[in-house]
Asks: 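Take this structure first; my questions come after.
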Amino acid sequence: MIRKRNILFVLFGVFLSIACALAYLRPWAKRPNLILICLDALRADHLGCYGYSRDTTPNIDRLASEGVVFEKAFSQSSFTLPSIASLFTSKYVSSHKADRIERRLADSQITLAEVLKASGYNTAAFIYNATQFDPVFGLNQGFNTYSIGEESDRKPSFAKTLPACLDWLKANRQKPFFIFLHSNDIHEPYHSVYENFFDPAYRGRLDNEYMASGTPFHKNNLKRTPREVEHIIAHYDGGIKYADTFIGKLIKQLEEWGLLEKTAIIIFSDHGEILSDRGKQFCHGFSVHDEEAHVPLIISGPQVKALRVSCQVQLIDVMPTILDLLRINRKNLKLEGRSLAPLLRPGVKNCPHNYVYAECIKGESQEEGFIDREVMVRSASWKLIGSFWRFNKPLAKYPKSVQLHNYSIISTDGKDGFELYYLENDPKEARNLYYDGPSKIKAELLDKLVSNF
């Protein structure tokens, strides 16, 4: 009798644990609305909720204080097209193959918007970016409304996308909706209404030269002084501050319409930004170092509890997470990401990834006649980067350095190579240990790199 009673007690504990988990996630089962906000080119370490010293993100920080902050989230590429394609499909770049601006996301790829549309959601995207969100690249798949603006009206700002979003929402808020909302306010050339907010006293040549060139990754940046670098970073932070004001306006409007408690909001970036981390270069799309690959990821919603998650996660995890929380069957979708739903509960310690991956075509294009492809595998403590060149004519016919289509200057030495970093002692990835690092770690990460790419 005692044994039977013990078994019943154990079973009761198991059922209670399951019931508590379901109760914790139950609000998502009521088909909440969903808003996915992409703050283009926002690196994680420039938000207050990620420890930044400047007050760049008061509105995002308030959302983060009530939601789940993933401290180590990584994009699958360092520029928009492959990164967003990975998020929309839960596929690595090497799987969906939209890896450069000469390619598009194939119609055969099943996107998050398509799945939600088939599940009864009204789907809409509000984007002003005349390049990699253009429908020619295939990222519009599954959206009932895809607002990108006419060519002459594509001004890359929340000042355009948020009013269009709210106009649509006012007319469509009675039915469950999925909105993808995009902002380019942080993106180079770092111009915004708040561009001088953090450095108003600056007087110097950037007042003319930088404003005129409008390209912070231009060859002129190779000659920047430390003070000029400081001012350019202040411009970047001003763009963050400006974008954040629109997050506040969105939250306020959702509250006024009684939608905030019925809406899940996910904030992320498609990639980070080089801010003179390696030499004097700015911009993105050149490497898979953490300044480009480490991105913010914040989930808030009905009954989501405040939590910080230190596990490594990836943007390809967003789609399976959403589908699990909405109780949408994903059995036949062949997703490569893993659901983060278990991490939304306190006390869960099993991380979904021992390794995360990213890749990029340096310069985003094959237009110059060569490809320098960088690939990355990252564990909690170690990171391995491989660089691989391919030329369509003999290397001897190329100059030693080339100005890319976006004005950046890169060396064309054509040498394949590796970088290995011990992140616990070298979080800025400044000391390459590949040639004198531990052989066991090199072999382990090389195996993971080869098996993934």
Asks: Does this structure show an ion pair linking R330 with D324, if we count only N-O contacts that are shorter than 4.0 Å?
Replies: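 A salt bridge links R330 with D324.
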
Asks: Within 45° of the six-membered ring axis of W257 and under 6.0 Å from that ring's centre, is NZ or CZ of R173 located there?
Replies: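 Satisfied, under 6.0 Å and within 45°.
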
Asks: What pairs of residues pass the disulfide (SG to SG under 2.5 Å) test when at least one of them lies in residues 287-337, not counting sequence neighbours?
Replies: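 Those involving residues 287-337 are C311-C351.
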
Asks: Please confirm whether the ring centroid of F418 lies under 6.0 Å from the ring centroid of F388.
Replies: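 Ring centres of F388 and F418 closer than 6.0 Å.
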
Asks: Are R390 and D372 close enough for a salt bridge, meaning some N to O gap below 4.0 Å?
Replies: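 Looking at D372 together with R390, the answer is no, because their closest N to O distance does not fall below 4.0 Å.
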
Asks: Should the pair E291-R278 be classified as a salt bridge under the 4.0 Å nitrogen-to-oxygen rule?
Replies: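 Salt bridge: yes.
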
Asks: Would you mind telling me which of Y121, F126, F88 makes a ring-ring contact (aromatic ring centres under 6.0 Å, His included) with F180?
Replies: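 It is F88; the other options fail the test.
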
Asks: Quick one: list whatever passes side chain to side chain donor-acceptor pair (under 3.5 Å) with W382, sequence neighbours left out.
Replies: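 W382: no side chain to side chain donor-acceptor pair (under 3.5 Å) contacts found.
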
Asks: Looking at every non-hydrogen atom in both residues, tell me the closest pair between R100 and I361 and how far apart they are.
Replies: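 Looks like NH2-CD1, 4.1 Å.
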
Asks: Flag the pair R43 and D277 as a salt bridge only when some basic side-chain nitrogen lies within less than 4.0 angstrom of an acidic carboxylate oxygen.
Replies: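 D277 and R43: salt-bridged.
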
Asks: Check R373 with D99, please: is the shortest side-chain N to carboxylate O separation under 4.0 Å?
Replies: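 Salt bridge: no.
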
Asks: Among E374, E292, E364, which one satisfies side-chain contact (heavy atoms from CB on, under 4.5 Å) with F286?
Replies: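 Exactly one option meets the side-chain contact (heavy atoms from CB on, under 4.5 Å) with F286, and it is E292.
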
Asks: Examine F198 together with H235 and report whether their ring centres are nearer than 6.0 Å.
Replies: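 They do not qualify: ring centres at least 6.0 Å apart.
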
Asks: Decide if the gap between the ring center of H284 and the ring center of H187 is smaller than 6.0 angstrom.
Replies: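 Yes, they do, as the ring centres are separated by less than 6.0 Å.
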
